[in-house]
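To start, the structure itself, in structure tokens.
Along the sequence shown, the residues carry numbers beginning at 1. Atom set for the values below is all heavy atoms of this structure, side chains included, hydrogens, waters and symmetry mates excluded.
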Amino acid sequence: MTDNQLTRPNSLPVQDYRIRIARDGTWYHDGQPIRRDALVRLFSTVLMRKGDGQYWLETPAERGVVVVEDAPFIVIAARQLEHDSDTPMLGLDTNLGHHIIVGGDYPIFTAVSPVTGEITPYVQMDHGLTARIGRAVYYQLVEWGEVREVQGQRVLGLESDGRFFSLGPVDEH
């Protein structure tokens with residue numbers, strides 16, 4: 001066993017990968033940006049978030065904790081998708097090439113950012129992960145949005161895959 005390896009009984013070895021994902025989406029190892037996009041994309045395919053909120057890179061042979069400042073991915077593009085039915089469909093793309101269709105499995109939601117302390121829009125992804133919706137995309141979504149009354153409150157949001165997703169309350173002033 002090496003100094004950077006911990007073990008737990010009946011589980012995979014836990015590595016100290018010394019990886020951090022900054023709020024701007026940059027992945028760091030030992031404080032230095034990882035410049036190989038292919039490596040970051042590969043790491044993103046084995047990233048997951050456990051029920052306790054901890055982020056892990058997990059392969060069949062080992063696993064290790066990853067520090068995530070806000071969300072591991074950023075939504076960098078949005079598009080209204082053509083669909084056979086009259087149901088609007090919203091597609092989102094992340095900084096690492098993930099393509100999401102907003103709906104029941106991939107809802108848009110708002111939460112307090114752990115970095116800024118402000119209400120921030122996110123989209124749920126697989127493996128307990130989220131993507132923060134980037135500012136330019138958020139403004140695009142606001143432009144496409146509509147005001148509806150939800151549980152007695154006027155909110156701005158979007159419909160996708162037959163569901164309405166709130167971007168936040170509408171200020172009455």
Non-neighbouring partners of T59 that pass side-chain hydrogen bond (donor to acceptor under 3.5 Å, both in side chains), sequence neighbours left out
none
State which residues pass side chain to side chain contact (heavy atoms under 4.5 Å, CB included) with I119; sequence neighbours excluded, sorted by chain then number.
T110, V112
Side chains of S113 and E118, heavy atoms from C-beta outward: is any pair under 4.5 Å?
no
Does anything in residues 32-43 form a side chain to side chain donor-acceptor pair (under 3.5 Å)? List the pairs, not counting sequence neighbours.
none
With sequence neighbours left out, the residues meeting ring-ring contact (aromatic ring centres under 6.0 Å, His included) with Y55 are none
What is the distance from atom CG of L42 to atom CG of L47, rounded to the nearest 0.5 Å?
11.5 Å
Are Y106 and D126 close enough that a side-chain donor and a side-chain acceptor fall under 3.5 Å?
yes
Return each pair, listed once, that meets side chain to side chain donor-acceptor pair (under 3.5 Å) where at least one residue sits in residues 128-146; pairs must be two or more places apart or across chains.
E146-R148
Under the side-chain contact (heavy atoms from CB on, under 4.5 Å) criterion, do I19 and L57 qualify, and how do the steps go?
CA-CA 9 Å; I19 293 176; L57 287 180; 3.7 Å; yes
In the hydrophobic clustering that connects Ile, Leu, Val, Met, Phe, Trp and Tyr at side-chain heavy-atom distances below 4.5 Å, which members other than V150 occupy its cluster, ordered by chain and number?
V155, F164
Are side-chain heavy atoms of V142 and L167 found at a separation under 4.5 Å?
yes
Testing the basics here: between P169 and Q153, what is the closest heavy-atom pair and its distance to 0.1 Å?
CB-NE2, 3.2 Å
What's the verdict on side-chain contact (heavy atoms from CB on, under 4.5 Å) for I21 and V67, showing C-alpha distance, side-chain angles and the deciding distance?
CA-CA 6 Å; I21 304 172; V67 175; over 6 Å; no
Transitively linked via ILVMFWY side-chain contacts under 4.5 Å: I74 with V123?
no
Quick check: closest heavy atoms across A78 and V137, and the distance to 0.1 Å?
CB-CG1, 3.8 Å
Check for me, please, whether L96 and L39 land in the same ILVMFWY cluster - side-chain distances under 4.5 Å, paths through other members count.
yes
Closest non-hydrogen atoms of G168 and S166, given as atom of the first, atom of the second and distance, are N-OG, 3.0 Å
Looking at residues at least two apart in the chain, or sitting in another chain, which of them share a side chain to side chain contact (heavy atoms under 4.5 Å, CB included) with S160?
L90, V102, F165
For a 4.5 angstrom cut-off between non-hydrogen side-chain atoms, does R49 reach W56?
no
Does the side chain of K50 come within less than 4.5 Å of E58's, by heavy atoms?
yes
For A111, side chain to side chain contact (heavy atoms under 4.5 Å, CB included) partners two or more places apart
F109, Y122
Restricting to pairs with a member in residues 91-111, which pass salt bridge (Lys or Arg N to Asp or Glu O under 4.0 Å), not counting sequence neighbours?
R79-D93
Using a 4.5 Å cut-off on heavy atoms from C-beta on, say whether the side chain of R23 contacts that of T120.
yes
Which other residues belong to the hydrophobic cluster containing Y28, where Ile, Leu, Val, Met, Phe, Trp and Tyr are joined when side-chain heavy atoms lie under 4.5 Å apart, directly or via other members?
none
Spell out, yes or no, whether Y17 and V46 are grouped together once hydrophobic residues are joined by side-chain heavy atoms under 4.5 Å, including indirect joins.
yes
Rounded to the nearest 0.5 Å, what separation is found between the OG atom of S44 and the NE2 atom of H127?
10.0 Å
Pairing residues for E62 by the salt bridge (charged side-chain N to carboxylate O under 4.0 Å, His left out) criterion, not counting sequence neighbours:
none
Candidate pair R20 and V66, rule side-chain contact (heavy atoms from CB on, under 4.5 Å), full reasoning:
CA-CA 6 Å; R20 176 178 61 90; V66 174; over 6 Å; no
For the residue pair I76 and T94, establish whether any side-chain heavy-atom pair is separated by less than 4.5 Å.
no
Would you name the heavy atoms of L129 and Q124 that are closest together and state the gap between them?
O-NE2, 2.9 Å
To the closest 0.5 Å, what do you measure between CG (L156) and CG (L141)?
9.5 Å
When you measure from the side chain of D161 to the backbone N and O of M89, does any donor-acceptor pair fall under 3.5 Å?
no
Ring-ring centroid check F73 H98, cutoff 6.0 Å
yes
With D30 via salt bridge (charged side-chain N to carboxylate O under 4.0 Å, His left out) - residues at least two apart
R18
